[in-house]
Amino acid sequence: MLKSWAAQKAAITQVLMHAQALPSDHDDQRLVLDELYELNVGLVVEEACELLSSQDLGQMTLGSQLLSRAVIGPDPKYRTPRVARSKRVKDLLGHLCHPGQVPQILDVALGPYSVLYPGETDLYFSLVDHSDAIVRRRALLLLVGKTNRLILDRVLSILINVLEHEPDPSVAASAMRDLINISKKRGLVRDKVARRRIEQCLRQHWKDPRPGVRVKALVAGIGDLPSAADLMLFARELEDPEVHWEFVLWCGLFHWGNPDDAERAQVVNALTRLRDQGWARQVVPGESTSEKERADMLDEAIHQVQPPPPLTATRLRARWEARRN
């Protein structure tokens, strides 16, 4: 690791030059900026503040990305350093995060803002109706993360309303994910009324025309023990040559215990057909999955759904020996 101030400063400058040459918020740019985790946090914060004080949109966006890395860090165990929790940084984020801010700056800055303003929810409530879909999605995500029993009913009403009226499918899909995440917080959703509202909303969206919403609602309804009927639901979805990638993903994640060989073969044939038709190579606007990821999903789904091989004497003996050992 670089030790001298000058070497650290030069390394940060090099990373920024490399990042600025790449498309904003692209995976390659994020990978380059992740190199900053190995450098002095104080210098990264200083550079971020300088970039954010400029009037250039590109510089300010990059500065907010730097500040996000300094405050949030690379993993959940990261503890925000004191220099990234300073009054200067907190005031700067408070100044940046408001409904009139440029959406691409606001989207990134809201992450570190949520860390340094842990009790804040009013801002997120004011952003759920923002004109920009990216900001609406971010605000919902952060609002759900801050939800407690005092604001639970209000948050549920917002999510249910978003699922009914949101024009952007990606925001609606995120709202369904957020609703499901709330439902898993048993200590939060204690009363029967709240649970009933969530369950009713999930059922209402089992046939939602937006596949990103529908797949999440169906998966939440299936639970941990998928049945043959559940597999047939997926089989119908897989007949679509442009099927949403999450249907393929969950085919490979579920442990299908009940379906018979004929039902499994039906789904395997549908998955194989998608592979032969080049489903993995499809370019779908708004989706972040790569061709390799989609191809891997198909392979895993085919492997998971395939009928198990017959129990021969050799396999029975091997199973018995494994249990004995």
Side-chain angles (χ1 to χ4, degrees), residues 1-124 126-127 130 132 134-135 137-139 141-146 288:
M1 184 172 179
L2 300 172
K3 292 184 179 181
S4 74
W5 182 91
Q8 294 263 347
K9 188 76 172 175
I12 293 173
T13 301
Q14 188 67 29
V15 169
L16 293 181
M17 288 177 61
H18 190 181
Q20 287 175 316
L22 297 168
S24 178
D25 202 32
H26 190 273
D27 285 343
D28 290 340
Q29 189 190 64
R30 283 192 285 268
L31 287 173
V32 169
L33 290 174
D34 284 349
E35 296 175 19
L36 295 170
Y37 289 132
E38 302 176 5
L39 301 173
N40 183 277
V41 178
L43 291 176
V44 172
V45 168
E46 187 67 32
E47 189 67 39
C49 291
E50 289 183 16
L51 291 169
L52 285 165
S53 64
S54 74
Q55 298 301 312
D56 180 78
L57 176 60
Q59 297 281 314
M60 293 181 70
T61 303
L62 192 59
S64 60
Q65 290 172 337
L66 264 64
L67 206 54
S68 177
R69 279 163 174 75
V71 173
I72 298 176
D75 57 62
K77 295 181 180 179
Y78 179 83
R79 296 186 64 182
T80 306
R82 182 177 298 178
V83 67
R85 291 185 281 111
S86 66
K87 184 178 184 302
R88 179 188 182 188
V89 173
K90 189 173 181 178
D91 290 347
L92 180 58
L93 285 169
H95 175 72
L96 284 173
C97 295
H98 60 85
Q101 182 59 266
V102 177
Q104 64 193 84
I105 295 176
L106 184 57
D107 174 47
V108 180
L110 280 172
Y113 177 91
S114 70
V115 174
L116 299 189
Y117 290 84
E120 171 63 42
T121 57
D122 289 344
L123 177 62
Y124 312 133
S126 72
L127 294 174
H130 196 276
D132 190 274
I134 294 176
V135 174
R137 186 166 63 242
R138 178 74 67 180
L141 174 65
L142 294 173
L143 185 58
V144 167
K146 303 288 184 181
S288 59

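Quick note: numbers below take in every heavy atom, side chains included, and nothing from hydrogens, waters or symmetry partners.
For Arg137, there are no salt bridge (Lys or Arg N to Asp or Glu O under 4.0 Å) partners two or more places apart in sequence or in a different chain. With sequence neighbours excluded, no residue satisfies side chain to side chain donor-acceptor pair (under 3.5 Å) with Arg85. Scored by the side-chain contact (heavy atoms from CB on, under 4.5 Å) test, His18 finds Leu22, Val32 as partners (sequence neighbours excluded). The side chain to side chain donor-acceptor pair (under 3.5 Å) search around Thr121 returns none, not counting sequence neighbours. In this structure, the side-chain contact (heavy atoms from CB on, under 4.5 Å) partners of Ile72, at least two apart in sequence or on a different chain, are Ser68, Pro112, Val115. Residues satisfying the side chain to side chain donor-acceptor pair (under 3.5 Å) test with Asp91, not counting sequence neighbours, are Lys87. For the side-chain contact (heavy atoms from CB on, under 4.5 Å) test, residues two or more places apart in sequence or in another chain that qualify with Asp132 are Pro103, His130, Ile134, Val135. Under the side-chain contact (heavy atoms from CB on, under 4.5 Å) criterion, Asp122 pairs with Glu120, sequence neighbours left out. Tyr113 meets the ring pair (Phe, Tyr, Trp, His ring centres under 6.0 Å) test with Tyr117; sequence neighbours excluded.
Judged as a side-chain hydrogen bond (donor to acceptor under 3.5 Å, both in side chains), not a single pair has a partner in residues 93-102 (not counting sequence neighbours). Applying the salt bridge (charged side-chain N to carboxylate O under 4.0 Å, His left out) test to every pair with at least one member in residues 49-66, sequence neighbours left out, gives no pairs at all. Within the structure, salt bridge (charged side-chain N to carboxylate O under 4.0 Å, His left out) contacts touching residues 58-69 (residues at least two apart or in different chains) are Asp34-Arg69.
Nearest heavy-atom pair across Val44 and Ala70 is CG1-CB, 4.5 Å.
Side-chain contact between Leu96 and Met60 is present, with at least one heavy-atom pair separated by less than 4.5 Å.
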